[in-house]
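Computed from a prediction, not measured in an experiment: that's the story for all the values here.
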Amino acid sequence: MKSAWIFYKKEMLEAARNYKLIWVPIVFLMLGIMQPLSTYYLPDILSMSANIPKEAAALFETPPPAKVVAQTMSQYSTVGLLVLVLAGMNTVAGERLSGTGELLLARSVSPAAMIFAKWAAMMTLLVISLALGLAGSAYYTEQLIGSVEWIKVASSGSLYSLWLAWVLTLLLPLGTVLSGPAAAFISLASAALLSLLSGWFPSYMDWSPGRLSGLSAEWLVGGTGSAFLPAITSIGIMLLSAVAASALLRRNTLPG
């Protein structure tokens with residue numbers, strides 16, 4: 001555990017030096033704030049547009065506060081997820097290709113400790129960014145549109161973080177065998193595929209992690225869908241990814 005803690009501090013220090021701890025949370029905060037602002041001012045924007053009749057603009061109805069925050073999560077499923085994956089794609093691949101990983105493992109450092117530290121650092125960045133973004137979205141929604149149930153925001157945000165977490169965790173085993181961009185592409189493609197399949201075949205994909213993003217939005221607007229199976233599947237994928245990454249890291253970094 002001591003070596004894992006040392007590596008975790010190293011990863012967080014690198015994230016600070018690379019400004020990941022600054023620009024990733026800022027992107028999430030901007031996305032979170034932009035959603036309630038654009039929703040609130042959209043009628044004014046439409047009324048000032050020369051191509052839209054004022055009568056049509058007047059028909060626009062501001063959605064409920066919970067739905068506005070839920071729409072923010074849809075932004076995180078696209079732009080937010082892309083930002084996180086790009087920020088973490090070289091977490092393992094970069095050290096493997098540069099030779100740093102070989103140097104550390106040659107000194108009898110445990111691959112499991114390295115992988116755990118890298119995973120914990122990625123999760124720290126995820127939690128900080130998502131919490132800041134959702135808090136900004138909920139605050140401005142409450143100020144501009146209406147009251148927000150903060151407990152629901154916290155619970156749905158926790159579920160949504162699990163959706164982001166399993167996608168990011170895929171970067172660990174993929175990074176031990178592929179370059180950073182390739183690992184990022186496969187992680188994003190896996191998330192997109194499971195989301196599409198979950199939407200097309202909901203009765204057969206009730207276990208899919210791809211349902212977590214939709215369920216978190218449902219919880220915000222009063223839904224009571226069960227997230228037990230998707231959550232268990234996501235945790236299982238993360239555990240398998242961590243185990244595979246530990247085994248592959250030693251084999252591919254120190255083949256002899």
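- In terms of heavy-atom proximity, Leu171 sits nearest to Ser187 at CD2-OG, 3.4 Å.
- Atom-to-atom distance recorded for Thr233:OG1 and Leu229:CG is 6.0 Å, nearest 0.5 angstrom.
- Here the side chain of Lys20 pairs a donor or acceptor atom with the backbone of Ala87 at under 3.5 angstrom.
- Closest approach of Asp206 to Arg211, counting heavy atoms only: O-NH1, 3.3 Å.
- Closest non-hydrogen pair, Ser234 versus Trp166, comes out as OG-CD1, 3.8 Å.
- Atom CG of Leu81 and atom CG of Leu126 lie 9.0 Å apart (nearest 0.5 Å).
- Remark: Ile145 CD1 to Tyr40 OH distance equals 9.0 Å, nearest 0.5 Å.
- Heavy atoms only, all atoms of each residue included: Gly32 and Thr72 are closest at CA-CG2, 3.6 Å.
- Of all heavy-atom pairs spanning Pro36 and Thr141, the tightest one is CB-OG1, 3.4 Å.
- A donor-acceptor contact closer than 3.5 angstrom links the side chains of Trp119 and Thr169.
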* Check the pair Met73 / Leu220 against side chain to side chain contact (heavy atoms under 4.5 Å, CB included), numbers first and verdict last. => CA-CA 10 Å; Met73 289 186 176; Leu220 265 176; 3.9 Å; yes
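- The distance from atom CD1 of Ile115 to atom OG1 of Thr91, rounded to the nearest 0.5 Å, is 9.5 Å.
- Of all non-hydrogen atoms in Val167 and Ala191, the two that sit nearest each other are CG2-CB, 3.7 Å.
- Contact annotation: the side chain of Leu172 never approaches that of Ser241 to less than 4.5 Å [non-hydrogen atoms, C-beta and beyond].
- With no hydrogens or angles considered, no side-chain donor-acceptor pair links Ser216 and Ser156 at under 3.5 Å.
- A distance of 12.0 Å separates CZ of Phe185 from OG of Ser179, quoted to the nearest 0.5 Å.
- Of the N and O atoms on the side chains of Tyr160 and Ser77, at least one donor lies less than 3.5 Å from an acceptor on the other residue.
- Not a single donor-acceptor pair under 3.5 Å links the side chain of Glu11 to the backbone N or O of Ala121.
- Remark: side-chain polar atoms of Ser208 are not paired, donor with acceptor, to backbone N or O of Met205 under 3.5 angstrom.
- Residue-environment remark: CD (Gln71) exceeds the threshold of 12 foreign heavy atoms within 6.0 Å.
- One N or O on the side chain of Trp219 and one on the backbone of Gly225 form a donor-acceptor pair closer than 3.5 Å.
- A donor-acceptor pair under 3.5 Å is absent between the side-chain atoms of Ser137 and the main chain of Gly133, judged by distance alone.
- Atom CG of Leu188 is separated from atom OG1 of Thr78 by 11.0 Å, given to the nearest 0.5 angstrom.
- With Tyr8 contributing its side chain and Ala120 its backbone, the two residues share no donor-acceptor pair below 3.5 Å.
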